[in-house]
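Note sheet for the following structure.
So that the names make sense, note that chain A is the first sequence line, chain B the second, and so on, each numbered from 1.
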Amino acid sequence: QQQVKQSPQSLIVQKGGIPIINCAYENTAFDYFPWYQQFPGKGPALLIAIRPDVSEKKEGRFTISFNKSAKQFSLHIMDSQPGDSATYFCAASMSSGTYKYIFGTGTRLKVLA
Amino acid sequence: DTEVTQTPKHLVMGMTNKKSLKCEQHMGHRAMYWYKQKAKKPPELMFVYSYEKLSINESVPSRFSPECPNSSLLNLHLHALQPEDSALYLCASSPSGASNTEAFFGQGTRLTVV
C-alpha cells in the first residue's frame, strides 16, 4: 500500500513532443505529490507538486494532472527540449506520516533534437 | 534561496577509513534528511532529523552515524564501509515536520569505497 508505481521506465520523444509520465498509488492517505527531475550525477530538483484538492497544476511547460478517484497522477512536458532529457521521479507523502517521501521507480526521458 | 550544499562532491575511501559527509542549508528548514541512491534507482531514505532530533532511522547499519549539530547542519559519519556502500549520498531539507511539504535536495556526494 505504500508503493508508488511509475511508468514507463524509459521514454524517447522528438523535440517539441509531449512526453507523459504516469504514477499510481494505493494509499488514500497520501496528500502531497511532487515530481523531481534528476540529471546524471546531480541531486533531484523539485519540479512541481500537487495536492488532492486540485485536478491540474501548471508551472511553465510542466503540468501535473491528478485523478483522485483513480488514484493516479501524471506529468506532461509541453514543447519538450533536448535539455529536458533527464530522469523523472514521482513521489507521494502524507501529512500524518513520518517525513517519508515514497518515490516511484523513475522514468528516463530522452528528447531527440 | 532554495539551496542545500553538500561537501565533498566526490569521496574515495578505503574500508578502514573514517570520513564525514557534510550538509548545510540556510532556508530555516527544520527537517533534514539523508538519502542513499544507487545508479538507476530512486533515492532511499536513511535518516530523518526533525528539530535537530533523530526521528527516523531506516534500519541503517551502524557504520553510518548521523549527527545534527544545529538546525542548519547535518553530518554523516562513515566508518568501516563496504564496497557495496558506494553510491550517491543525498541530503535534503524541508520546511517543517510535516512530510507533505517541499523537500529540497543537495547535489550529493559521490562515494566510492575501495
Side-chain angles (χ1 to χ4, degrees), chain A residues 2-10 21 23 25 27-54 57 59 64 66 73 86-110, chain B residues 2-7 9-10 21 23 25 27 29-51 53-59 68 74 87-112:
Chain A
Q2 287 287 77
Q3 280 187 320
V4 176
K5 295 182 180 178
Q6 184 171 345
S7 63
Q9 188 175 3
S10 62
I21 304 171
C23 285
Y25 63 98
N27 192 338
T28 54
F30 288 139
D31 58 6
Y32 178 70
F33 304 90
W35 284 91
Y36 285 88
Q37 178 191 57
Q38 187 174 27
F39 294 104
K42 303 294 185 183
L46 179 65
L47 260 183
I48 185 172
I50 198 167
R51 300 184 191 276
D53 52 345
V54 297
K57 183 174 181 180
E59 285 187 8
I64 300 180
F66 187 83
F73 57 109
T87 299
Y88 293 81
F89 292 100
C90 63
S93 69
M94 60 186 86
S95 54
S96 59
T98 54
Y99 316 102
K100 287 189 182 184
Y101 295 82
I102 309 299
F103 283 91
T105 49
T107 296
R108 287 191 300 281
L109 172 66
K110 182 162 185 160
Chain B
T2 56
E3 191 168 336
V4 176
T5 303
Q6 289 187 245
T7 55
K9 287 186 171 41
H10 302 275
L21 309 184
C23 174
Q25 58 88 14
M27 296 178 277
H29 290 175
R30 301 314 300 269
M32 296 186 75
Y33 312 73
W34 281 114
Y35 283 84
K36 172 182 177 179
Q37 188 177 27
K38 295 285 233 181
K40 300 184 181 180
K41 297 290 186 184
E44 296 176 41
L45 184 64
M46 300 175 73
F47 302 104
V48 180
Y49 273 83
S50 178
Y51 295 87
K53 289 186 173 15
L54 182 65
S55 60
I56 294 179
N57 176 341
E58 290 284 276
S59 303
C68 188
L74 187 65
L88 182 68
Y89 287 84
L90 295 162
C91 174
S93 71
S94 63
S96 71
S99 60
N100 67 337
T101 56
E102 301 90 341
F104 296 95
F105 284 82
Q107 294 300 291
T109 294
R110 172 69 61 190
L111 174 67
T112 303

What distance do Tyr36(A) atom OH and Glu102(B) atom CD have between them, rounded to the nearest 0.5 Å?
8.0 Å
Which atoms of Pro44(A) come close to chain B, meaning under 4.5 Å heavy atom to heavy atom: side chain ones, backbone ones, both, or neither?
both
If you count heavy atoms of other groups shown closer than 6.0 angstrom to NZ of Lys110(A), is the number above 12?
no
So, using side-chain hydrogen bond (donor to acceptor under 3.5 Å, both in side chains) as the criterion, who are the partners of Glu44(B) when residues are at least two apart?
none
Cut-off 4.5 Å, heavy atoms of chain B, and the answer for Gln6(A) is neither
Contacting region of Gln37(B) [heavy-atom separation from chain A under 4.5 Å]
side chain
Rounded to the nearest 0.5 Å, what separation is found between the OH atom of Tyr101(A) and the CZ atom of Phe105(B)?
8.0 Å
On a heavy-atom basis, the closest approach of Leu88(B) and Gln38(A) is CD2-NE2, 4.0 Å
Please name the pair of heavy atoms, one in Pro42(B) and one in Phe89(A), separated by the smallest distance, quoted to 0.1 Å.
CA-CE2, 3.4 Å
Just jot down the ring pair (Phe, Tyr, Trp, His ring centres under 6.0 Å) partners of Phe33(A), sequence neighbours excluded, or say none.
Tyr25(A), Phe66(A), Phe73(A)
In terms of heavy-atom pairs under 4.5 Å with chain A, which of Ala103(B), Gly106(B), Gly108(B), Ala39(B) leads?
Ala103(B)
Chain A: which of Lys9(B), Glu58(B), Gln6(B) shares the most heavy-atom pairs with it under 4.5 Å?
Glu58(B)
